[in-house]
Amino acid sequence: MKIELHTITIGEVVAGYADNSMQEEGIVGYHGKLNIRPKYQREFVYDDKKKCAVMATIWKGFPLNVMYWVHNADDTYELLDGQQRTISFCSFIAGEYMMNFDGTLRGWNNMSEEMQKRILDYKLQIYICEGSPDEQLDWFRIINIAGERLTEQELRNAIYSGPWVTQAKRRFSKTGCVAYRIGSDYMDGSPIRQTYLETVLRWISNNKIDEYMVRHQKDTDADELWQYYQKVIQWVAMLFTQKRKEMKGVEWGFLYNKYKDTNLKESELREEVAQLMRDSDVKNKRGIYAYVFDHDEHHLDIRAFDDNTKREVYERQNGICAICGKHFELEQMEADHITPWKDGGRTVADNCQMLCRECNRRKSAK
């Protein structure tokens, strides 16, 4: 792994600047050799106030935080961190916005040559790295990236960049993208921070995202991933016709992988979900959607007996375990549903019994 610190002027970076993001071709600079926003990167998110803060820092000669570039085998570069700062000064020089300089509102075209030179000569501190994909990924994860950190999926997109990432991003990683339009009722997170893409990759790869991306890196399309996502969303929409806020963020892909061939009735699922939503003992309402498939109560986080109820029942039993008949201190006992929750038992004092830990463990294991 080779990492070197370079001093590069803004004038050098802005040379050959071109913003082709509307045509999905990214943004380039540094005589066309630097991908300022490669196709795998997220969309530019700095507002005008932040862009002007970048330019004010440059104008006053204050240091910007260091930036990070990757040196590719074909002698081109990709900007890993510093994208938003770089676009801020490049877009100003391209005449895309104006700001206040020493009390006067100016754009690039109404600045004197001396003022322009002051900006173009500003020196940036840039770390440039070369190395294997594994070395780069490890470095990217441990460096103290300035500003807004890249997500794990953005780092993967950088390492496994290629035609597959470009096509996947087109569907899963833009504001208002088609994946968002058809699945926002079921998905958490933001497409531009790669949450949608990462989630679907976890589902289709069974949590082996890197292996999947390596295998498909050179593919010319991401149709397999897109078709899989559509099947998951269609399956969910068919089984759960009533949309609820608790549906967002459920691991639908894993449920689809396991139960897609199971004969399930929408009417029965609808009735069971509604009943569980009304149950005050169910603390994790989102977990209902996994529970109706395997009926594992761990999904639901059933409400436990509170300390006052435990004390009340302990005193009623005189500290005697309801199963073995031996006396224990309160701290040595645990509260248990007499009638199990799954059989309609409520989490109330009349349905509570205090058991010693050994008896409770033995009962729970049956």
Please set out all donor-acceptor pairs under 3.5 angstrom arising from side-chain atoms of residues 265-273, sequence neighbours excluded.
| from | atom 1 | to | atom 2 | distance (Å) |
| --- | --- | --- | --- | --- |
| E266 | OE1 | R270 | NH1 | 2.6 |
| E266 | OE2 | T241 | OG1 | 2.7 |
| E266 | OE2 | R270 | NH1 | 2.6 |
| E272 | OE2 | H295 | NE2 | 2.7 |

Side chains of residues 26-33: which donor-acceptor partners sit under 3.5 Å, not counting sequence neighbours?
| from | atom 1 | to | atom 2 | distance (Å) |
| --- | --- | --- | --- | --- |
| K33 | NZ | D75 | OD2 | 3.3 |

Could you go through residues 332-345 and list every donor-acceptor pair under 3.5 Å that involves a side-chain atom there, pairing it with any protein atom two or more places apart or in another chain?
| from | atom 1 | to | atom 2 | distance (Å) |
| --- | --- | --- | --- | --- |
| Q332 | OE1 | E329 | N | 2.9 |
| E334 | OE1 | N360 | ND2 | 2.7 |
| E334 | OE1 | R361 | NH1 | 2.4 |
| E334 | OE2 | R361 | NH1 | 2.8 |
| E334 | OE2 | R361 | NH2 | 3.0 |
| D336 | OD1 | K363 | NZ | 3.3 |
| D336 | OD2 | Q353 | NE2 | 2.8 |
| D336 | OD2 | K363 | NZ | 3.1 |
| H337 | NE2 | T347 | OG1 | 3.0 |
| W341 | NE1 | D279 | OD2 | 3.1 |

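Checked against a 6.0 Å centroid threshold, the rings of Y256 and Y186 do not count as neighbours. In this structure, Y229 has its ring center no closer than 6.0 Å to that of W203.
Residues passing the side-chain hydrogen bond (donor to acceptor under 3.5 Å, both in side chains) test with R311, sequence neighbours excluded: E315. With sequence neighbours excluded, no residue satisfies side-chain hydrogen bond (donor to acceptor under 3.5 Å, both in side chains) with Y314. Among residues two or more places apart in sequence or in another chain, the side-chain hydrogen bond (donor to acceptor under 3.5 Å, both in side chains) test is passed with R118 by none. For N207, there are no side-chain hydrogen bond (donor to acceptor under 3.5 Å, both in side chains) partners at least two apart in sequence or on another chain. Evaluation of the ring-ring contact (aromatic ring centres under 6.0 Å, His included) rule for Y17 yields no partner, not counting sequence neighbours.
Note: Y180 and Y196 have tilted aromatic rings, judged against thresholds of 30 and 60 degrees for the angle between ring planes. Relative ring orientation between W252 and F240 is described as tilted, the plane-to-plane angle lying within the 30° to 60° band.
How far CH2 of W235 is from CD1 of I233: 11.0 Å, rounded to the nearest 0.5 Å. The CG atom of L34 sits 11.5 Å away from the CD atom of E12 when rounded to the nearest 0.5 Å. In this structure, CD in Q227 is found 9.5 Å from CD1 in I204, a value given to the nearest 0.5 Å.
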Decide yes or no on side-chain contact (heavy atoms from CB on, under 4.5 Å) for R316 and V313, but give the supporting numbers first. CA-CA 5 Å; R316 188 173 67 206; V313 177; 3.6 Å; yes
Walk me through whether Y228 and N257 qualify under side-chain hydrogen bond (donor to acceptor under 3.5 Å, both in side chains). CA-CA 10 Å; Y228 168 83; N257 296 345; 2.9 Å; yes
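In this structure, the side chains of S280 and R346 come closer than 4.5 Å at one or more pairs of heavy atoms. V250 has its side chain out of reach of V236: every pair of non-hydrogen atoms, C-beta onward, lies at least 4.5 Å apart. No side-chain heavy atom of T199 sits under 4.5 Å from any side-chain heavy atom of F172. Within the 4.5 Å cutoff, the side chain of N35 has no heavy atoms near those of the L79 side chain. Counting only heavy atoms from C-beta outward, the side chains of L239 and F293 approach each other to under 4.5 Å. A heavy-atom distance below 4.5 Å is not found between the side chains of N284 and H299.
Listed by chain and number, the hydrophobic cluster partners of F62 come to none, as no ILVMFWY side chain reaches under 4.5 Å of it. Other residues sharing a hydrophobic cluster with I323 under the 4.5 Å side-chain heavy-atom criterion for ILVMFWY residues are L355.
Legend: salt bridge (Lys or Arg N to Asp or Glu O under 4.0 Å) pairs involving residues 237-256, not counting sequence neighbours, sorted by first then second residue: D185-K243, R202-E251. For residues 211-238, the set of pairs meeting the salt bridge (Lys or Arg N to Asp or Glu O under 4.0 Å) definition, not counting sequence neighbours, comprises R171-D223.
Checked by atom type and distance alone, the side chain of S91 pairs as donor or acceptor with a backbone atom of S88 at under 3.5 Å. A distance-only check finds no donor-acceptor pair linking the side chain of Q167 to the backbone of T220 [under 3.5 Å].
Using a 3.5 Å distance cut-off with no hydrogens or angles, the side chains of Q153 and R156 do pair a donor with an acceptor.
Residues M238 and Y289 are members of one and the same hydrophobic cluster, defined by side-chain heavy-atom contacts under 4.5 angstrom among Ile, Leu, Val, Met, Phe, Trp and Tyr.
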